Amino acid sequence: MIILCKNCNYIFETEVKFCSQCGQAVVKNVSCTKLKKVATIIGFYVAMLVYMLLVYYVETTFPNNLEAEIIVVIGFSCIVMGFASFDLKPVLQLYNNKAIKFKHIVFAVITPVVTSFVVYFFIGFINSLVAEGASVNYFQEYLYLDYPLFWATFFIALMPAVIEELAFRGVLFNALKEVTTTRLTIIATAFLFAVIHFSIFSFLWIFPFGLLLGFLRSRYNTLWLGMIIHFIHNFIILMIDYYNFYNY
């Protein structure tokens, strides 16, 4: 670690608060700080890619296995919270609700109602064109369990809303904003959020969805609005699948 005294330009190789030469407060070298943030960004994304490959392996090797799904969720949570612990205070500050007003809550509830139906029917249309009508029913994937709606809600709606928002609009957003502009941070986190889902067609809606969530996180400095929108969006799509399964 390089510590630089701005007053007399004396360089320290260990962390100090005051310069022993002139007595002024000293700060970390900016380039050193940025390099650490870049390392965090690269490390985080590599960890996500490796994790997604492991998820694919687990899901193909142990299909319809509750224990495997729980382990996958715990693994993802540990990775995200591990990176969050490197710079915990700014992350914890994102769970404040001081800037949130009633109108923001109304927006966070109404918006996913619109996005979920648009996305559901858009993806259905794309599937009918390129996949000969093939589609995924998220509710149906949990029929092997008792209380399938409960488990589907937990894995499809709740956990992604909590952990993915912490990962992309929390950890990754905080690191990126230290090395680039807010606009590029919003775009980059939305892009990486979309890429990590490994779906070309899903990218068409996940990317703009990520832009919205990133904007809200930047504008109000909180994760709550993003979590609410993310949860309701996924939950409504799940409930449409639930309705379709029992009525068609």
Side-chain angles (χ1 to χ4, degrees), residues 28-56 75-96 99-100 104 107-108 111-112 115-116 118-119 122-123 159-234:
K28 294 180 182 179
N29 185 284
V30 175
S31 61
C32 179
T33 302
K34 285 190 175 183
L35 284 175
K36 287 188 175 182
K37 294 298 182 181
V38 171
T40 298
I41 294 165
I42 295 173
F44 178 83
Y45 195 62
V46 169
M48 288 293 99
L49 290 175
V50 172
Y51 168 78
M52 292 306 296
L53 292 174
L54 290 175
V55 168
Y56 176 77
F76 185 37
S77 302
C78 288
I79 291 173
V80 174
M81 289 188 289
F83 275 93
S85 67
F86 295 156
D87 201 11
L88 189 58
K89 186 177 179 180
V91 170
L92 293 178
Q93 290 174 346
L94 294 173
Y95 290 96
N96 73 79
I100 301 177
H104 302 141
F107 175 82
T111 299
T115 61
S116 58
V118 170
V119 167
F122 171 73
I123 294 300
M159 292 309 297
V162 175
I163 303 300
E164 289 181 4
E165 288 310 304
L166 172 59
F168 292 95
R169 259 64 65 177
V171 174
L172 189 59
F173 199 102
N174 282 352
L176 277 167
K177 73 176 184 178
E178 295 294 327
V179 299
T180 187
T181 65
T182 299
R183 177 177 295 182
L184 286 178
T185 296
I186 293 172
I187 294 172
T189 51
F191 179 80
L192 296 176
F193 175 59
V195 169
I196 208 71
H197 286 80
F198 290 105
S199 173
I200 295 176
F201 299 116
S202 293
F203 185 94
L204 298 176
W205 71 266
I206 293 178
F207 178 65
F209 189 64
L211 290 176
L212 170 64
L213 298 178
F215 170 78
L216 292 174
R217 177 258 180 268
S218 175
R219 177 68 175 81
Y220 301 106
N221 198 37
T222 180
L223 293 178
W224 286 111
L225 295 177
M227 287 193 295
I228 292 171
I229 291 174
H230 201 152
F231 172 79
I232 295 176
H233 174 92
N234 287 12

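Please read all numbers here as calculations on a predicted model, not as lab measurements.
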Please report the shortest heavy-atom distance between I232 and A108, naming the atom on each side. CD1-O, 4.1 Å
Measure the shortest side-chain to side-chain distance between I196 and L49 over non-hydrogen atoms and say whether it is less than 4.5 angstrom. yes
Specify the closest pair of heavy atoms between S116 and P112, including all atoms of both residues, with the distance to one decimal. OG-O, 2.7 Å
So how far is it from I228 CD1 to H104 NE2, rounded to the nearest 0.5 Å? 11.5 Å
So do the side chains of F76 and M48 get within less than 4.5 Å of each other, counting heavy atoms only? yes
Do any side-chain atoms of residues 81-91 form donor-acceptor pairs under 3.5 angstrom with protein atoms, and if so which ones, sequence neighbours left out?
| from | atom 1 | to | atom 2 | distance (Å) |
| --- | --- | --- | --- | --- |
| S85 | OG | G82 | O | 2.5 |
| D87 | OD2 | K37 | NZ | 3.0 |

Value for CG (L213) from CZ (F193), rounded to nearest 0.5 Å, stands at 6.5 Å
Between atom CG of L212 and atom OG1 of T111, what is the distance when rounded to the nearest 0.5 Å? 6.5 Å
Check against side chain to side chain contact (heavy atoms under 4.5 Å, CB included), V118 and W205: CA-CA 9 Å; V118 170; W205 71 266; over 6 Å; no
What is the minimum heavy-atom distance between A190 and G210, and which atoms define it? CB-C, 3.5 Å
With T185 as reference, evaluate L172, L176, V179 under the side-chain contact (heavy atoms from CB on, under 4.5 Å) test and give the passing residue. L176
List the atom of A194, the atom of I206, and the distance in Å for their closest heavy-atom pair. CA-CG2, 3.4 Å
Quick check: do K177 and T182 have side-chain heavy atoms less than 4.5 Å from each other? no
Can you tell me if OH on Y45 sees more than 12 non-hydrogen neighbours from other groups inside 6.0 Å? yes
Would you compute the distance between atom CD of E165 and atom CG of L94 and round it to the nearest 0.5 angstrom? 11.0 Å
Polar side chain donor-acceptor pair, H233 to T115, under 3.5 angstrom: yes
Under 6.0 Å from the CZ atom of F191, do we count more than 12 heavy atoms belonging to anything else shown? no
For F207, all residues meeting ring-ring contact (aromatic ring centres under 6.0 Å, His included), sequence neighbours excluded: F203
Polar side chain donor-acceptor pair, N174 to R217, under 3.5 angstrom: yes
Does NZ or CZ of R169 fall inside the cone over F215's six-membered ring, less than 6.0 Å from its centre and within 45° of the axis? no
Output the distance between atom CE (M227) and atom OG1 (T222), rounded to the nearest 0.5 Å. 6.5 Å
Check: F209 and I229 side chains under 4.5 Å, non-hydrogen atoms: yes
Given the side-chain rings of F168 and F173, with only the six-membered ring counted for Trp, is the space between their centroids under 6.0 Å? no
Answer yes or no: is there a donor N or O on one side and an acceptor on the other, between the side chain of N96 and the main chain of N221, under 3.5 Å? yes
Between S218 and G214, is there a donor-acceptor pair closer than 3.5 Å when you use the side chain of the first and the backbone of the second? no
